[in-house]
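Every chain is numbered from 1, with letters handed out A, B, ... down the list of sequences.
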Number of protein chains: 2
Amino acid sequence: MKIKKEVTIYDIAQQLDISTATVSRALQNNPVINKNTRRKIQEAARELGYRQNTFASNLRKQKTNTIGIIVHELNSNFITSVLAGIEKVTADAGYDLLIAHSSESFKKETANVLNLFHKRVDGLIASLAFDTRGLDHFQSFFDKNIPVIFFDRVEEKADNTKVIIDNFKAGYQATKHLIEQGCKRIVIVTASLSRNVYAERLRGYKEALRERQIKFDEKLVLIKDLSEKCGREAALQILQMKPRPDAAFITNDFSAAVCMQTLKEKGIRIPQDIAIVGFNNDAICKIIEPQLTTINYPGMDIGEMAARNLIAHLKGDTDIRQTNTIIAKSELIIRQSSLKKGNK
Amino acid sequence: MKIKKEVTIYDIAQQLDISTATVSRALQNNPVINKNTRRKIQEAARELGYRQNTFASNLRKQKTNTIGIIVHELNSNFITSVLAGIEKVTADAGYDLLIAHSSESFKKETANVLNLFHKRVDGLIASLAFDTRGLDHFQSFFDKNIPVIFFDRVEEKADNTKVIIDNFKAGYQATKHLIEQGCKRIVIVTASLSRNVYAERLRGYKEALRERQIKFDEKLVLIKDLSEKCGREAALQILQMKPRPDAAFITNDFSAAVCMQTLKEKGIRIPQDIAIVGFNNDAICKIIEPQLTTINYPGMDIGEMAARNLIAHLKGDTDIRQTNTIIAKSELIIRQSSLKKGNK
DNA sequence: TGAAAAATTGCAACTGATTGCATTAATTTA
DNA sequence: TAAATTAATGCAATCAGTTGCAATTTTTCA
């Protein structure tokens, strides 16, 4: 099979005996070109099987119509919803997406940022890795005034636009709910406190305790990585504690599910012996036994907000430096795993 | 803040008073350039904050070093593992990935194919959407001899390289296992039979029945979309059937989990009343109660194989037309949900 | 020391589309 | 009908690298 030569606007121009300038304009539907000519050119393009060379175009136009996205992982319901939300907005506006994921590694994140910078994305939407500290690796973007919007895992102090939920409130609500169920010794399983989301959730937890005059006990705070393994570990640690805790707020649904299962294996009844609250409202919440009380994390909304905001920047509707923090609504969803009422 | 002007190889050339040709070669670490010159140029590039213009480069080189990936969804464990496998291989070989997903829509898939074609990916790895029929929408790739490799959801008749598991065998094993547990009326929940994977699994199911002289009953085949809703529906349908089935082979773990849960709610005991086998070996298998027997679908391996094969094509090690079908190993993983032994 | 070989470097064409400005053609107006 | 508008098209520079081939410099070896 012969490989067909690539068709360019020169070929079209030649065939119709007109200039490439006219062809280029016609293909962009520029009204300055005569309607008939335009139609003729577009037809010829179709017939010849012309495809635009994005590189030549990007090179000349000095922009890519592409938005870069950096997330920590792909395999969570939350992230998938965020992506869906972003896609919904950007597709309409005619932008392409370039998705990179850091596997929770700062090193990979840095590489991704650099890569997307080289690829010259017009803007960036990012959620930071676990161990990312500071935003120096985004400096290249800041220097060139390329808009960057963060979501979920953000750098709180930094002066950037961010889309987040009120993690403090979420932590507070979850804890308050557990207290209202009569729990007094509430374990909290969370991740590195240098990551805003986790620090805030803990702060909310503390506040709820304080409000009800329950003394905060350092030993009930378990800092983990929110993996499968960590769910198991947390369960075992909980079993070792005495007096035994009567509730656990595990800031990730999957870990919570594993933890709950491990506890059940050891003969602990949920929620009677230990009440459990997760975080995210992943699909698993509803298929485990008992169903998991959790915080709904509205990924789709967050994605949409981030994308909409970014596009506003790109269109010049808003100044990049006019940064702000957008708070999405989250809420406590109460299911069986935390309802001790029957126990009273 | 002033936006810095972009640094090009011309700037570097000027500063060092050499030609752009030398700069270009040096930045590619071309050994034809003197080591010292190379070092000097690379240093200057770093100092000036030079970043390569990929478009100019791609335009001239006529290739992108990018591999396109089209999947039906992102939010499954299986797909995520495949992506991880692909990434592992391609990253080493210096390729970038462009990931698109079709949301199970043929229309979106077509758009994605076109888009990646315009983006001039050097090769493509794809898994087809539910309702995709034929491969005409890939014709542009075939015409230009751009290698395309399919995995999981493939078009069986088509003459392309594909990486799959032996779905027939998987269906056979799952069914045989259930029969060995003493089950006689085995429901199979699967998806559109025009999609190879599902058709094959059903064929395996039939074969296992035939072998044990169990009559095949059309009414026990439920064609669904393998969503959450479908798990619930399947459960309700099963409850309606009389005599009641004693097993269900649900070709998707998540659906199986939902189905199982619904059955449990209705007072059915698993596996005593109804044994259940899923498909994929997603993480949920181990966190539901009872743990789910399933078919392990080695996503990572499949991704690696597909990527390795594609890269071999790209490097010219193998002819694109020398297509083949690569079968990855899959296996039955037996857990509680199907073990009726205690029942006998 | 001088010629041949090897190592470096540079020239200039090339990749394909876009766009400011000039030119030409068509239409309107006085 | 000539001048003035308006509409349509083309010229040619530009975007930033890459690379075949030629030219130059350096090294090697007799």
Side-chain angles (χ1 to χ4, degrees), chain A residues 3-42 44-46 48-66 94 96 117-122 144, chain B residues 3-42 44-45 48-66 94 96 117-120 122 144:
Chain A
I3 300 184
K4 285 187 217 145
K5 186 77 180 48
E6 208 63 54
V7 178
T8 71
I9 54 170
Y10 294 92
D11 300 322
I12 300 178
Q14 193 167 38
Q15 164 149 16
L16 299 179
D17 197 28
I18 49 178
S19 77
T20 61
T22 305
V23 175
S24 172
R25 292 193 175 100
L27 291 176
Q28 295 174 76
N29 239 332
N30 189 329
V32 86
I33 300 295
N34 183 289
K35 238 186 187 167
N36 280 322
T37 322
R38 231 148 68 197
R39 196 180 34 68
K40 231 184 306 173
I41 291 174
Q42 282 162 3
R46 197 168 356 213
L48 293 174
Y50 168 79
R51 58 170 173 165
Q52 218 234 40
N53 188 318
T54 329
F55 306 122
S57 173
N58 286 345
L59 173 58
R60 179 58 226 247
K61 291 200 290 196
Q62 299 283 49
K63 52 183 214 136
T64 62
N65 251 59
T66 300
D96 282 314
F117 182 66
H118 281 143
K119 288 263 168 62
R120 304 194 183 210
V121 293
D122 293 339
K144 287 233 157 47
Chain B
I3 299 183
K4 284 185 217 147
K5 184 79 180 48
E6 208 64 53
V7 178
T8 71
I9 54 170
Y10 293 91
D11 300 321
I12 300 177
Q14 192 166 38
Q15 164 151 16
L16 299 179
D17 197 29
I18 50 178
S19 77
T20 61
T22 305
V23 175
S24 173
R25 293 195 174 99
L27 291 176
Q28 295 174 74
N29 240 330
N30 189 329
V32 86
I33 301 295
N34 181 288
K35 239 185 187 169
N36 279 322
T37 322
R38 233 149 65 197
R39 197 180 33 69
K40 232 184 304 174
I41 291 173
Q42 283 162 2
L48 293 173
Y50 167 79
R51 59 170 172 166
Q52 214 231 43
N53 187 316
T54 330
F55 307 120
S57 172
N58 287 344
L59 174 58
R60 179 58 228 245
K61 290 201 289 197
Q62 300 283 50
K63 52 183 214 138
T64 61
N65 250 58
T66 299
D96 282 315
F117 182 66
H118 280 142
K119 288 263 167 60
R120 304 195 185 211
D122 293 338
K144 286 233 157 47

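- Counting to the nearest Å, the P atom of C/dT19 and the CG atom of A/Leu27 are 13 Å from each other.
- Of the listed nucleotides (C/dT18, D/dA16, C/dA17), C/dA17 has the atom at the smallest distance from the side chain of A/Tyr10.
- Going from atom CD1 of B/Ile12 over to atom P of D/dA16 covers 13 Å, rounded to whole Å.
- You won't find any donor-acceptor pair under 3.5 Å spanning the side chain of B/Arg25 and the base of D/dG17, going by distance alone.
- Here OG1 of A/Thr54 is found 6.5 Å from NZ of B/Lys119. Values are rounded to the nearest 0.5 Å.
- Under the 4.5 Å side-chain criterion, counting only non-hydrogen atoms from C-beta, B/Asn53 is in contact with A/Leu59.
- When heavy atoms are screened at a 4.0 angstrom cut-off, B/Arg51 is found touching the sugar-phosphate backbone but no base atom.
- Between A/Ile41 and A/Thr22, some side-chain heavy-atom pair lies under the 4.5 Å cut-off.
- Side-chain N/O atoms of A/Asn29 and A/Arg38 include a donor and acceptor closer than 3.5 Å.
- Between D/dC11, D/dT19, D/dG17, one nucleotide has an atom nearer to the side chain of B/Lys61 than all others, and that is D/dT19.
- Between the CG atom of B/Asn30 and the C1' atom of C/dT9 there is a distance of 12 Å, rounded to whole Å.
- Between the C1' atom of D/dT9 and the NZ atom of A/Lys40 lies a distance of 12 Å, rounded to the nearest Å.
- Side-chain contact of A/Asp122 with A/Thr64: a donor-acceptor pair under 3.5 Å is present, judged by distance alone.
- Atom CG of A/Asn58 is separated from atom C1' of D/dG17 by 15 Å (rounded to the nearest Å).
- Looking only at side-chain heavy atoms (C-beta outward), B/Glu6 and B/Tyr50 stay at 4.5 Å or farther from each other.
- In terms of phosphate contacts, B/Thr20 brings no side-chain nitrogen or oxygen within less than 4.0 Å of OP1 or OP2 of D/dG17.
- For the salt bridge (charged side-chain N to carboxylate O under 4.0 Å, His left out) condition, no pair includes a residue of residues 11-27 of chain A, sequence neighbours left out.
- Five base pairs at each end of the helix from C/dT1-D/dA30 to C/dA30-D/dT1 define two local axes, and these are offset by 40° (rounded to 10°).
- Evaluation of atom-type donor-acceptor distances gives no pair under 3.5 Å for the side chain of B/Arg60 against the base of C/dT15.
- Residue B/Thr37 has a polar side-chain atom (N or O) positioned under 4.0 Å from OP1 or OP2 of C/dT9.
- For B/Ser24, the side-chain atoms get nearest to D/dT19 when compared with the rest of C/dA17, D/dT19, D/dA16.
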Passes side-chain contact (heavy atoms from CB on, under 4.5 Å), A/Val23 versus A/Tyr10? Steps please. CA-CA 8 Å; A/Val23 175; A/Tyr10 294 92; over 6 Å; no

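- For D/dG10, the OP1/OP2 oxygens have a side-chain nitrogen or oxygen of A/Ser19 closer than 4.0 Å.
- Side-chain N/O atoms of A/Asn34 include one lying less than 4.0 angstrom from OP1 or OP2 on D/dA8.
- Within 4.0 Å of B/Ser57, counting heavy atoms only, lie sugar-phosphate atoms of the nucleic acid but no base atom.
- The CG atom of A/Leu48 sits 15 Å away from the P atom of C/dG16 (whole-angstrom rounding).
- One interatomic measurement links the two molecules: CD1 of B/Ile9 to P of C/dA12, which rounds to 16 Å at whole-angstrom precision.
- Distance from the side chain of B/Gln28 is smallest for D/dT19 among the nucleotides C/dG16, D/dT19, C/dT19.
- The phosphate of C/dT18 (OP1 or OP2) has no side-chain N or O of A/Gln62 nearer than 4.0 angstrom.
- Taking atom CD1 on B/Ile33 and atom P on C/dG10, their separation rounds to 8 Å, with Å as the unit.
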